[in-house]
Number of protein chains: 2
Amino acid sequence: MTWSSLEPVPATALGDVITERLRRMIIAGDVPAGAHLAEPRLAESFDVSRGPVRDALRRLESEGLVVVRRRKMFAAGLTTDDVVELYAIREAVETLALRLAHDRAADADWGEALDALATMRRAADAARYADYAHADLAFHTSFYALSGSRRLLDIWRQYEPTFAVLLEITNAEDVDLGPSLASHVAILETARAGRVDEAVVELQGHLLGARTRMVHALSRLDTGRAATPPDGEIPA
Amino acid sequence: MTWSSLEPVPATALGDVITERLRRMIIAGDVPAGAHLAEPRLAESFDVSRGPVRDALRRLESEGLVVVRRRKMFAAGLTTDDVVELYAIREAVETLALRLAHDRAADADWGEALDALATMRRAADAARYADYAHADLAFHTSFYALSGSRRLLDIWRQYEPTFAVLLEITNAEDVDLGPSLASHVAILETARAGRVDEAVVELQGHLLGARTRMVHALSRLDTGRAATPPDGEIPA
DNA sequence: TTACAGTCACCTGTTAACAGTTGACGCAAC
DNA sequence: GTTGCGTCAACTGTTAACAGGTGACTGTAA
């Protein structure tokens, strides 16, 4: 018997499943922005009761993918403006995380970041985009983990699934992963060398590049998606 | 008939009430950090069913006041380290908010901030600490609102109640509100004059001062509160 | 044709109950 | 005395049902 995951018990709460599926549907635009997300309808559509749906909506609300207006839940969707906003916030918090991680670097170790980087290198060589994206996020997560700030990690985890789905969707594009990899190497090595201000600048440049690619990919993906269609119902 | 609040319908969801009461109890230390927050026990204690309690726990989890470990909820409490952490995060996001607000200042107006400032001045003159704290938070909220970033406002609203309770608790102290008021005036006037870099520096200095006072007040308040007592049950 | 009123369907907030699981306590065997 | 096992209580995840309220639709009257 081989148990790959030791931490989480068999645990796959139904609410988590609904959260993930609904999140993907909203980001991908399967649920049009502005659509009213009524609990009974969603519950029937996912073939569960209202409880897990309620949990999912609460969670997605804290992720910013669902907004509540007059006690009703509506899909928020992701416009290119939202992506710009997300990257601006990420720059602010990840910069802080990197600085804090650096401050604690004495007793902390960059092992996780190095592991992620190795995985990224292998994925890049094999052009395995999904694996690369996964390792990419793990790399950045390691900064938050190393920062020692639980709340900073919480904020990141709040938006990390959105970035994950975005990366996954936009990675249909045929991009050369080389520059991205080099950028990550530069950030980590500069930080490990103790030149944290320089590393922050590298990070900002990296995020700017990622944002630009993301915005282009997204606007190419759904040219017709408006900022806020008046209303709508979920397709099926 | 006089209706003071026009926006929110009679709306006072039971879950919101539980959230507020539980939040206050955790921050004040009435619920010891590390205590297991079992739904049935809390539900009976608040004389409601598990539903609203569940909502409250989910909300407080996103605020960082409750942590989930092996599917169970535990009170996180607030140590002085947490306060330092909170102010670090706040500096990062509020700085961004101030910059974004400044960028949009052409079509935006600082009316809300000015109103809050006027209220603060009156409260300071009358030494009404609670009113001052309230207006203080409204002042800062206006920056996030003016930033035009919904998610930035969301992050602030996530932690704003914690700051509110902290201010309320620590304001038992007899402090001169003059310097705080002057600090707020300086931030706003500098920003309105378009010298945003200078305003950011003012803001950072202001937050540092606030943090210092908060840490002192808190450590004076509960000298005996440890970082993580092993476990415990809620008192009553 | 338009304005108003009544009806009706839907949705949210809330509650109680059921099922599976986990952790603890106690008892018995070695 | 210690170790292993069985029982049991408590908790989380989940579901179905009830109550109040809101908005839309329709029919009627001016």
Side-chain angles (χ1 to χ4, degrees), chain A residues 1 3 5-22 31-32 34-62 65-76 230-236, chain B residues 1 3 5-22 31-32 34-62 65-76 230-236:
Chain A
M1 176 185 182
W3 56 93
S5 63
L6 204 52
E7 276 307 307
V9 266
T12 324
L14 211 40
D16 295 352
V17 180
I18 307 297
T19 302
E20 195 149 340
R21 291 181 61 183
L22 199 51
V31 176
H36 177 206
L37 301 173
E39 289 171 10
R41 195 174 299 248
L42 288 174
E44 190 185 13
S45 148
F46 287 121
D47 195 36
V48 296
S49 76
R50 281 177 52 205
V53 171
R54 203 179 167 81
D55 282 1
L57 288 176
R58 290 270 185 281
R59 194 112 39 110
L60 293 176
E61 184 200 349
S62 85
L65 290 174
V66 160
V67 293
V68 54
R69 238 175 27 219
R70 302 178 54 74
R71 286 201 173 193
K72 284 181 177 159
M73 299 285 207
F74 298 90
D231 199 287
E233 291 303 328
I234 59 173
Chain B
M1 176 184 182
W3 55 92
S5 63
L6 204 52
E7 275 308 305
V9 266
T12 324
L14 212 39
D16 295 353
V17 180
I18 307 297
T19 302
E20 195 150 339
R21 291 182 59 183
L22 199 50
V31 176
H36 176 207
L37 301 174
E39 289 172 10
R41 196 175 299 246
L42 288 174
E44 190 185 13
S45 149
F46 286 121
D47 196 37
V48 295
S49 77
R50 281 176 52 207
V53 171
R54 203 179 168 83
D55 282 1
L57 289 176
R58 290 269 186 280
R59 192 114 37 110
L60 293 176
E61 184 199 349
S62 86
L65 291 173
V66 161
V67 293
V68 54
R69 236 175 31 217
R70 300 177 58 71
R71 288 201 171 193
K72 284 182 178 159
M73 300 284 206
F74 298 89
D231 198 286
E233 292 303 329
I234 59 173

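Lettering follows sequence order; numbering is per chain, from 1.
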Shortest non-hydrogen separation from B:L37 to B:F74 and the atoms involved: CD1-C, 4.1 Å

If the test is side chain to side chain contact (heavy atoms under 4.5 Å, CB included), which one of A:L65, A:L60, A:V66 qualifies with A:L22? A:L60

Nucleotide by nucleotide, 5' to 3', does protein get under 4.0 Å of the base (B), only the sugar-phosphate (S), or neither (-) in nucleotides 8-19 of chain D, counting heavy atoms? ---SBBBB-B--

List for me each residue that meets side chain to side chain donor-acceptor pair (under 3.5 Å) alongside A:R54, sequence neighbours excluded, and say none if there are none. A:E39, B:D55

Mind checking side-chain contact (heavy atoms from CB on, under 4.5 Å) for A:L14 and listing every partner two or more places apart, or none if nothing turns up? A:V48, A:P52

Sub-4.5 Å side-chain heavy-atom contact between A:E61 and A:V68: yes

